[in-house]
Amino acid sequence: MSKRALTVTRQDNFPEWYQAVVREADMAETSPVRGCMIIKPWGWGVWERIQAELDQRIKDTGHENCYFPLFIPMSFIAKEAEHVEGFAKEMAVVTHHRLKNEGGKLVLDPDAKLDEPLIVRPTSETIIGDAFQRWIKSYRDLPLLINQWANVVRWEMRTRLFLRTAEFLWQEGHTAHADQADAMAETRKMLEVYREFSESVLAMPVIAGEKPANERFPGADNTFSIEAMMQDGKALQAGTSHYLGTHFAEAQNIQFQNAQGQLTLCHTTSWGVSTRLIGGVIMTHGDDDGLRLPPKIAPRQIVIVPMLRDKPEDAELIAYCGTLENDLKAFGIRVLVDVKPTKSAEKRWSWVRRGAPVIVEIGGRDATGNNVTFMRRDRLRDGDKVVSHTKPRAAFIAEAPALLAEIQASLFAEAKARLDGNITREIKNFDELSAHFGATEGDDEAGPFKGWVLVPWSEPEGERLEAIVDRLKALKLTIRNAPLEQGKVEGSCVFTGMAATSNILIARAY
RNA sequence: CGGAGCGUAGCGCAGCCUGGUAGCGCACUUGCUUCGGGAGCAAGGGGUCGGAGGUUCAAAUCCUCUCGCUCCGACCA
């Protein structure tokens with residue numbers, strides 16, 4: 001009776017469970033190219049929903065979309081010192097533009113060697129900055145607010161589908177402003193857009209805050225992030241927003257004439273979220289029966305499965321489902337009638353694994369009685385038993401939008417309770433921190449859920465910070481961010497013993 | 001790139017120690033019977049056992065190399 005749709009549980013082996021969901025929910029698969037992924041229609045549908053919702057918000061805040069090239073001249077990357085340092089180790093390089101056939105073997109044609117190698121963009125600050133430098137002349141051209149949806153490549157050592165892949169898809173916003181205040185306001189505004197988007201669309205609660213110096217984007221003065229808590233207690237950086245100061249403006253001559261006629265450096269920002277969000281959704285909402293998708297990003301919000309029997313009366317059943325489909329579509333609901341000639345039970349469970357928010361099953365009795373039988377994916381079971389509900393057709397249709405809203409809200413509430421309930425705030429010193437996380441030393445597999453801790457600290461920088469980072473590393477911990485909503489700051493720094501100036505989140509992370 | 005483990009049908013696995021050229025469950029195909037629900041019976045399809053080389057009359061099994069995956073470490077907006 002306790003049969004689950006997946007063969008691995010979260011409890012048994014979280015990483016394996018994650019991979020099983022990606023596979024069984026038909027989201028993506030690995031490709032012949034190491035570290036890259038094939039995003040399948042169901043996974044792509046989720047990404048399209050993410051794009052649509054976020055793109056609207058990006059436009060609503062005054063940004064315009066455009067597109068810059070995949071290839072960047074190598075010299076561009078070299079312009080900003082920290083930027084090179086940060087990305088040099090993971091860049092794909094194009095050196096030739098032609099192959100030649102040498103005795104049946106394809107080889108690089110030495111005559112087609114590029115004078116200047118091209119790098120495949122790991123991010124686009126430099127090539128966009130180059131354009132900004134040409135586009136911006138006057139203070140009247142500012143602020144310049146640009147966004148692009150693109151793929152980028154970072155040659156990562158270790159990859160996992162959605163969470164960290166060599167090629168991934170994202171949106172990167174790039175803006176230029178007249179002064180620091182304006183650029184910083186932009187940085188914070190987009191962080192807030194990400195927070196609101198994550199919580200209301202992905203139903204994924206996050207903590208927005210500022211990254212410590214060691215976690216800053218290469219070339220940024222300030223980096224902000226939203227951090228989400230996965231079901232294994234690890235943190236996932238779900239989005240970042242950077243205030244780049246005048247570093248890129250200096251390196252690339254991005255200047256404008258102010259109202260007094262003086263040439264002035266721009267202050268720039270950049271911000272992005274990626275397909276990693278999908279991994280976050282899986283690890284936030286998935287259960288031992290597979291994925292659970294928030295209705296706002298589900299490619300199909302309601303899937304109708306007619307209980308076909310390969311008999312003449314199937315036609316009536318399909319017709320009944322068809323009118324139900326149309327009535328639901330009239331509410332703007334994304335509906336699918338799954339008429340595939342597969343066994344009904346098989347279809348049901350495939351939609352359970354994929355996480356369709358509402359799965360409707362229509363049998364002969366529903367059709368004649370004018371009823372609808374359905375399951376809520378967010379509350380699939382009572383104990384081990386699968387729960388299905390039956391309602392009059394008209395009532396089901398009338399209540400469908402509210403039902404989807406309720407599912408969206410309940411997924412968020414569940415995740416929010418987990419986040420709020422698992423941030424420990426009582427840690428006073430490093431020993432307590434070690435004890436809190438270190439109790440499981442030795443059996444790190446499937447260890448108890450530790451969540452995050454919020455501790456006071458004194459914001460050290462430089463070598464003192466490096467030393468702290470090393471101590472944390474020994475416990476497999478990282479500093480996530482200093483939440484924007486600080487609450488009370490009291491006591492002394494858990495690392496230095498000095499008077500605390502802010503609180504930071506510490507956690508194991510992806 | 002270092003340590004550990006694993007690659008046998010789409011998925012999950014057995015077989016390997018003690019070589020004799022492949023099996024189980026689910027899924028898939030066909031038929032019959034069932035049918036308010038992850039059905040039963042029967043008959044099928046699908047694998048050069050990750051790849052290459054070696055030992056041997058004979059290799060999934062033993063040896064060497066290699067590729068990939070997972071975990072840990074290093075690395076990572």
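Numbered from 1 within each chain, the chains take letters A, B, ... in sequence-line order.
Summarising the base pairing, B:U48 is matched to no nucleotide, lacking a Watson-Crick or G-U wobble pair whose two defining distances lie under 3.5 Å. Using the Watson-Crick or G-U wobble rule with both distances under 3.5 Å, B:A27 pairs with nothing in any strand shown. B:A39: Watson-Crick or G-U partner is B:U33, with both key distances under 3.5 Å. B:C76: no Watson-Crick or G-U partner with both key distances under 3.5 Å is found in any strand. When Watson-Crick and G-U wobble pairs are counted only if both distances are under 3.5 Å, B:C6 pairs with B:G68. The partner of B:C17 is absent, by the rule that a Watson-Crick or G-U pair needs both atom distances under 3.5 Å.
Separating the P atom of B:U48 from that of B:G23 is a span of 15 Å, rounded to the nearest Å. Atom C1' of B:A27 sits at a distance of 11 Å from the matching atom of B:G12, rounded to the whole Å. With P as the reference atom, B:C24 and B:A9 are 14 Å apart, rounded to whole Å. For the P atoms, the distance from B:G3 to B:A74 is 15 Å, rounded to whole Å. A gap of 43 Å separates the P atoms of B:C67 and B:U30, to the nearest Å. B:A60 and B:C49 have their C1' atoms separated by 4 Å, given to the nearest Å. Using atom C1' as the reference point in both B:G50 and B:A59, the two lie 16 Å apart (nearest Å).
The side chain of A:Met307 lies closest to B:G37, out of B:A77, B:G37, B:G73. Distances were taken from every side-chain heavy atom of A:Trp349 (C-beta onward) to each of B:U70, B:G38, B:G37; the shortest belongs to B:G38. When each of B:G38, B:G12, B:C76 is scored by its nearest atom to the side-chain atoms of A:Glu156, the top-ranked nucleotide is B:C76. Comparing B:C72, B:A77, B:C28 by their nearest atom to the side chain of A:Glu346 picks out B:C28. Between B:C28, B:C76, B:C1, one nucleotide has an atom nearer to the side chain of A:Met157 than all others, and that is B:C1. Among the nucleotides B:C76, B:G38, B:C28, the one closest to the side chain of A:Arg353 is B:G38.
The phosphate of B:C75 (OP1 or OP2) has no side-chain N or O of A:Arg164 nearer than 4.0 angstrom. Contact check, A:Arg34 against B:C69: a side-chain N or O comes under 4.0 Å of OP1 or OP2. A sub-4.0 Å separation between OP1 or OP2 of B:C76 and a side-chain N or O of A:Lys89 is present. Note on A:Arg154: every side-chain N or O is 4.0 Å or more away from OP1 and OP2 of B:C75.
Heavy atoms of other residues, nucleotides or ligands lying less than 6.0 angstrom from CD of A:Gln51 number more than 12. Open room surrounds CG on A:Asp382; 12 or fewer heavy atoms of other groups in view lie less than 6.0 Å from it. Counting non-hydrogen atoms of other residues, nucleotides and ligands closer than 6.0 Å to CD of A:Glu196 gives a total above 12.
Per the geometry, CG belonging to A:Leu6 stands 16 Å off P belonging to B:A27, to the nearest Å. A:Tyr18 has its OH atom 11 Å from the P atom of B:C71, to the nearest Å. The distance from atom CH2 of A:Trp17 to atom C1' of B:C11 is 18 Å, rounded to the nearest whole Å. Counting to the nearest Å, the C1' atom of B:G38 and the CH2 atom of A:Trp351 are 17 Å from each other. Rounding to whole angstrom units, CG of residue A:Leu475 and P of B:C72 are separated by 15 Å. At whole-Å resolution of the value, CG in A:Asn481 and P in B:A77 are 16 Å apart. Rounded to whole Å, atom P of B:G7 lies 12 Å from atom CD of A:Glu16. For A:Glu29 and B:C69, the CD to C1' distance is 15 Å, given to the nearest whole Å.
The distance from atom CE of A:Met204 to atom CG of A:Leu277, rounded to the nearest 0.5 Å, is 5.5 Å. Rounded to the nearest 0.5 angstrom, A:Arg309 CZ and A:Lys343 NZ are separated by 15.0 Å. With rounding to the nearest 0.5 Å, the separation of CG in A:Leu293 from CD1 in A:Ile407 is 11.0 Å.
If you check every strand for non-hydrogen atoms under 4.0 Å, A:Trp271 touches nothing. Heavy atoms of A:Arg23 sit under 4.0 angstrom from primed sugar atoms or phosphate atoms, though from no base atom. Across all strands, A:Thr342 comes closer than 4.0 Å only to sugar-phosphate atoms, never to a base (heavy-atom distances). Backbone-only contact: A:Thr240 has heavy atoms under 4.0 Å from sugar-phosphate atoms and none from a base.
Looking at A:Glu210 and A:Asn222, their side chains do bring a donor and an acceptor atom within 3.5 Å of each other.
We find that A:Asp338 and A:Lys340 are not joined by a salt bridge, their nearest charged nitrogen and carboxylate oxygen being 4.0 Å or further apart. Ionic pairing of A:Lys391 and A:Glu399 is present here: one or more N-O contacts between side-chain nitrogen and carboxylate oxygen are shorter than 4.0 angstrom. Salt bridge status for A:Asp26 with A:Arg353: absent, with no side-chain N to carboxylate O gap under 4.0 Å. Between A:Asp288 and A:Arg10, at least one side-chain N (NZ, or NE/NH1/NH2) sits under 4.0 Å from a carboxylate O, which counts as a salt bridge.
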N/O to N/O distances under 3.5 Å, protein versus nucleotides 32-35 of chain B:
unit_1: B:C35; atom_1: O2'; unit_2: A:Arg309; atom_2: NH2; d: 3.4
unit_1: B:C35; atom_1: N4; unit_2: A:Lys311; atom_2: NZ; d: 2.7

Report, one pair per line, the protein and nucleotides 39-42 of chain B atoms (nitrogen or oxygen only) whose separation is under 3.5 Å.
none

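For A:Trp349, there are no ring pair (Phe, Tyr, Trp, His ring centres under 6.0 Å) partners, not counting sequence neighbours.
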